[in-house]
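Along the sequence shown, residues are numbered consecutively beginning with 1. Since this is a predicted model, take the numbers as computed values, not measurements.
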Amino acid sequence: MTSMPVAGVIPAPGSDDRQIADLIVRNAKVFTGDPRKPVVSAIAVRGGRITALGEDGDIAEHVGARTRVVDALGRRLIPGLNDSHLHVIRGGLNYVLELRWDGVRSLRQALAMLREQAARTPKGQWIRVVGGWTAEQFAERRMPTAAELTDAAPDTPVFVLHLYQSAILNRAAVRAAGFTRDTPDPKGGQIVRDRDGEPTGVLLAAPSALILYSTLAGAPTLDNADKKISTRHFLRELNRFGLTSAIDAAGGFQNFPDNYRTVIELARDGELSLRIAYHLFPQTAGQELADLKRWIETVRPGDGDEWLRLNGAGENLTWAAADFENFSEPRPELAPGYEEEFEQAVRLLMENGWGFRLHATYDETIRRDLAVFEKLAADGLFPAGNRWLFDHAETVSAESLERIAALGGTISVQNRMSFQGRAFAERYGAAVAARTPPIKEMLEQGLAVAAGTDATRVSSYNPWVALHWLVTGRSVGGFHLYPADRRLSREKALELFTRAGARITGEQDVKGTLREGYFADFTVLTHDYFSVHDDDIPYIESVLTVVGGRIVYAAAEYEGMDELMPSISPSWSPVSHFGGYQASPPPSSTGARQADRLGEAVADAEQHHRWRVTRGLAPESAPAIFDPCFTL
C-alpha cells in the first residue's frame with residue numbers, strides 16, 4: 001500500500017488491537033481548532049473517527065501492520081472546510097457540461113478556451129460558462145462581447161453568465177433560445193435589442209435573475225448515469241480545495257425529489273466524498289404552502305446519515321418574500337402584503353419542528369421578515385429550538401441584528417462582495433460598502449456566523465477566495481472594500497468555515513474541530529494558511545483531503561493515494577480537457593508582488609505630493625521622475 005516515509009514511527013510492542021489506527025498522518029503542523037489542544041503534529045484515525053492527537057511519539061501505540069502512515073512533510077493540517085451556503089447538488093448535476101472561468105486571469109485566455117471548446121463540442125450541445133468569474137479578475141478588466149463569443153464559436157450556442165447581473169449569448173445561442181424581435185421581456189428581466197429591435201445577445205437581470213436561469217434551463221442536460229459521474233467529479237473538485245462538508249442551499253430549478261436522486265443514490269452506494277446537509281426550496285409560485293405541507297408529511301430534518309441529511313427548508317419559503325441581489329440595479333421593492341402567506345409558511349414549519357434558511361440581501365427585507373417572526377414569538381414559536389438563519393444579509397442593520405439574536409437566529413455570509421463589491425460601492429458609496437456585510441457587528445452581537453461562497457452561479461466554489469476576502473477585505477480584482485478594523489483574523493475566518501458551519505446543521509459535537517471522537521475530516525495544505533502572505537491565500541489548495549478517514553483527494557507527493565474515479569463523461573466535456581478551477585502560481589513565486597509593491601510606492605508618492613500641494617508646500621505639477629528607467 002502506498003505511503004510516505006514513516007521513519008520514527010514504529011509499532012509499539014504488544015499494542016492493543018482496539019487502538020490500532022487505520023490511518024495516521026504525522027510530521028504535520030496540525031491546527032486543531034480546539035483550545036484545549038490547539039497544536040499537535042500527528043493524528044490517528046480509526047473507523048472514520050479521530051482516535052488520538054499528539055506528537056509523533058505519542059501515536060506509536062496506534063501503529064499496526066495495516067496502518068497507513070502518511071508523512072505530511074511539515075505541512076499545515078487543518079480541519080476540513082465546510083461551505084455553509086453552496087449549491088452543491090445543482091452544481092454537481094451540471095459540472096462536466098460547464099466551461100469554468102474560475103481563476104482565469106485574462107479575457108484573452110478565456111476566449112481562447114471558448115474557441116478550443118467549440119471545436120470539440122458536438123452539434124446540438126451548448127457551451128456554458130456559469131458563474132465563478134467576474135470581469136475584475138481579467139487583465140483587460142472587461143466582459144466579453146456577444147460579437148466575440150460569436151467569433152469564437154460561430155455555430156455552437158454559447159451562454160456566459162456574469163454574476164446575478166447579466167448573460168451574454170452568441171448568435172447561435174440567441175437562435176437556440178428562441179429569442180426574436182417579437183419575444184417580450186419577462187417580468188424583472190430585459191432582452192437587450194439593437195436599433196432594429198433584434199436581440200443583441202445580452203440579457204439583463206432587472207433586477208430578477210429569472211431570465212438568466214430560465215434561458216440556461218433550456219440547454220441540454222445529462223442522462224442519469226452521467227449526472228452521477230458529473231457529481232462525483234464536482235465533489236472531488238471541492239475536495240481539491242480542502243472541503244469536506246457543504247450545506248446545500250437548494251435554489252431555483254432544483255426540484256425535490258427528482259433533482260436529489262443523484263446524491264441520494266451516491267450516498268446509498270457510499271460514493272459521496274463530501275458530507276452534504278440539504279434544504280428543500282418550493283419551486284412554483286402559488287403552491288409553496290402545498291409543497292411544504294407535502295414534505296412535512298413525508299420527511300423530517302435529520303433524516304439521512306452523516307454523509308447526506310435533510311437540514312430544513314429554504315433558502316426561499318415563498319417567492320414573494322425573496323429580494324434580488326443584482327447590485328448594478330436599484331434595490332427592489334418587494335410587493336406589499338407578502339407577509340400573510342409568508343407567515344403561514346413559517347408557522348407551518350416551526351409548529352412541525354422544521355428549521356429553515358432564508359435568502360435576504362437587504363435590511364428592508366430582513367425587517368419585514370423579523371416582524372413576522374416576532375408576531376409568531378407571541379405564540380412561543382421563536383425561539384423554540386428549531387435552527388433558522390438568514391443568508392447573505394449584506395445590509396442588515398444593528399437593530400435587526402439585535403432582533404435576530406433575540407429570536408435565536410444565526411447568519412450565513414458569503415463572499416459575493418468579493419465579486420460584486422465594486423458595483424455595490426459605485427451604487428451605495430464606499431462608506432456603506434465598508435460595512436457590507438457587517439460581520440464584526442454580527443460577531444459582537446454574539447450571533448453564530450458561518451461563511452460560504454454561494455457558488456456556483458456567482459462566486460467561485462474555491463473557499464480560499466472567500467477566506468482571502470474575509471482576511472484582507474479585498475475583491476478578486478484587488479478593490480479595497482474594508483479598512484483593517486473590519487477584517488477578520490485568519491483564525492476567526494477559518495472558524496467561520498469550520499466550526500460555525502457545523503453549528504448550522506447541529507453537528508458541532510462531531511465535526512468542525514479536530515478532537516478525539518470527532519469525524520476524521522481534515523486537509524493538508526500546499527501552503528501554510530497562517531503564515532503565507534495575504535496575496536497567496538487564494539492560491540492555497542489541498543495536497544491531501546480526508547473525509548471520514550477516507551483519502552478522497554491526493555496530489556503532489558501523495559498522488560495516487562486517493563480513490564479511483566470514473567472517467568469523465570461525455571468525453572467532449574470542458575472539464576475533461578481544461579479541468580475546473582484554473583490554478584496559477586501564487587504571487588510570491590512570481591514577480592507580481594514586486595510589481596504590486598512598486599505600484600503601491602508610486603501611489604503613495606502621488607498621495608504625498610497631493611498632501612504637500614494642499615498645504616502650499618509643492619507646485620500643482622506632478623512630482624518629477626528622477627529614474628530614467630521609469631520615463632515614458
Side-chain angles (χ1 to χ4, degrees), residues 3-4 9 21-56 58-59 62 67-84 235-236 238-246 272-276 306-307 463-464 467 490-491 493-502 505 507-530 540-558 561-563:
S3 65
M4 293 301 298
V9 180
D22 303 319
L23 171 70
I24 286 175
V25 179
R26 61 170 291 270
N27 189 21
K29 291 186 289 187
V30 180
F31 173 79
T32 66
D34 182 356
R36 297 177 299 183
K37 191 185 290 186
V39 179
V40 297
S41 68
I43 182 169
V45 176
R46 180 184 173 103
R49 302 261 181 162
I50 297 170
T51 55
L53 290 157
E55 301 307 308
D56 284 14
D58 300 332
I59 62 168
H62 298 280
T67 302
R68 172 180 273 190
V69 182
V70 178
D71 189 336
L73 301 175
R75 289 189 172 102
R76 174 65 67 185
L77 185 154
I78 63 171
L81 301 182
N82 184 350
D83 190 322
S84 69
L235 300 186
R236 174 65 65 91
L238 298 177
N239 299 147
R240 168 189 167 191
F241 295 100
L243 278 164
T244 59
S245 290
L272 292 180
S273 63
L274 188 84
R275 303 186 194 276
I276 300 173
E306 63 193 43
W307 287 94
W464 297 102
L467 282 157
R490 297 194 189 197
E491 186 170 331
L494 185 62
E495 180 184 331
L496 267 58
F497 258 101
T498 51
R499 282 186 288 176
T505 56
E507 296 174 284
Q508 64 270 22
D509 294 331
V510 290
K511 69 180 181 182
T513 304
L514 300 181
R515 183 181 294 176
E516 286 88 349
Y518 279 42
F519 293 152
D521 298 353
F522 53 85
T523 182
V524 181
L525 305 177
T526 54
H527 302 83
D528 188 346
Y529 165 68
F530 291 107
I540 294 173
E541 296 189 19
S542 169
V543 293
L544 191 81
T545 302
V546 175
V547 188
R550 294 163 45 199
I551 298 177
V552 296
Y553 178 81
E557 295 88 352
Y558 313 101
M561 293 181 67
D562 49 7
E563 300 163 347

**OP:** List the steps, then state whether side chain to side chain contact (heavy atoms under 4.5 Å, CB included) holds for Y553 with L243.
**Re:** CA-CA 10 Å; Y553 178 81; L243 278 164; over 6 Å; no
**OP:** Verify side chain to side chain contact (heavy atoms under 4.5 Å, CB included) between L514 and L77, making sure each step is shown before the conclusion.
**Re:** CA-CA 10 Å; L514 300 181; L77 185 154; 3.5 Å; yes
**OP:** Walk me through it: do I78 and T523 pass the test side chain to side chain contact (heavy atoms under 4.5 Å, CB included)?
**Re:** CA-CA 6 Å; I78 63 171; T523 182; 3.5 Å; yes
**OP:** Apply the test side chain to side chain contact (heavy atoms under 4.5 Å, CB included) to residues R275 and V547: give CA-CA distance (whole Å), side-chain angles for both, the deciding distance (0.1 Å), then the verdict.
**Re:** CA-CA 8 Å; R275 303 186 194 276; V547 188; 4.0 Å; yes
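Here the closest heavy-atom approach between residue I50 and residue F519 is recorded as CD1-O, 3.7 Å. When all heavy atoms are compared, the tightest approach of R76 to V30 is NH1-C, 4.1 Å. In terms of heavy-atom proximity, P79 sits nearest to G512 at CB-O, 3.9 Å. Across D562 and A554, no two heavy atoms sit closer than the pair OD2-N, 3.0 Å. Looking at every heavy atom in both residues, K37 comes nearest to L53 through NZ-O, 3.2 Å. Across all their heavy atoms, F497 and P463 have their closest contact at CE2-CB, 3.9 Å.
Using a distance-only test at 3.5 Å, with no hydrogens or angles considered, a donor-acceptor pair links the side chain of T67 to the main chain of A21. S41 contributes no side-chain N or O that, together with a main-chain N or O of A28, makes up a donor-acceptor pair within less than 3.5 Å. Counting only distance, with no hydrogens or angles, the side chain of D56 and the backbone of N27 share a donor-acceptor pair below 3.5 Å. At distances below 3.5 Å, at least one donor-acceptor pair connects side-chain atoms of T526 with backbone N or O atoms of E541. Looking only at distances, a side-chain donor or acceptor of Y529 sits under 3.5 Å from a matching main-chain atom of R490. A donor-acceptor distance shorter than 3.5 angstrom exists from the side chain of T545 to the backbone of N239, with no hydrogens or angles considered. Judged by distance alone, the side chain of T513 and the main-chain N or O of R515 form no donor-acceptor pair under 3.5 Å. A donor-acceptor distance shorter than 3.5 angstrom exists from the side chain of R68 to the backbone of M561, with no hydrogens or angles considered.
Taking the ring pair (Phe, Tyr, Trp, His ring centres under 6.0 Å) definition, one finds that F241 meets it with Y581, sequence neighbours left out. Here F31 pairs with F530 under the ring pair (Phe, Tyr, Trp, His ring centres under 6.0 Å) rule; sequence neighbours left out.
Using a cutoff of 4.0 Å between basic side-chain nitrogens and carboxylate oxygens, D528 and R75 are not scored as salt-bridged. A salt bridge does not link D521 to K511: none of the charged nitrogens lies less than 4.0 Å from a carboxylate oxygen.
Inter-residue side-chain proximity for F522 and V45 is flagged as met; some heavy-atom pair is nearer than 4.5 Å. Counting only heavy atoms from C-beta outward, the side chains of T498 and L81 approach each other to under 4.5 Å. Contact check for R236 versus E563: side-chain heavy atoms found under the 4.5 Å cut-off.
Atoms OG1 and CG, on T244 and D83 in that order, are 11.0 Å from each other to the nearest 0.5 Å. Distance check: N82 CG to R499 CZ gives 13.0 Å after rounding to the nearest 0.5 Å. Atom-to-atom distance recorded for Y518:OH and D34:CG is 7.5 Å, nearest 0.5 angstrom. Rounded to the nearest 0.5 Å, atoms CD (E557) and CG (L544) are 10.5 Å apart. Rounded to the nearest 0.5 Å, atoms CD1 (I24) and CD1 (I43) are 10.5 Å apart. Rounding to the nearest 0.5 Å gives a distance of 10.5 Å between OG of S542 and CZ of R240.
For CD of E491, the number of neighbouring non-hydrogen atoms (other residues, nucleotides, ligands) closer than 6.0 Å is 12 at most.
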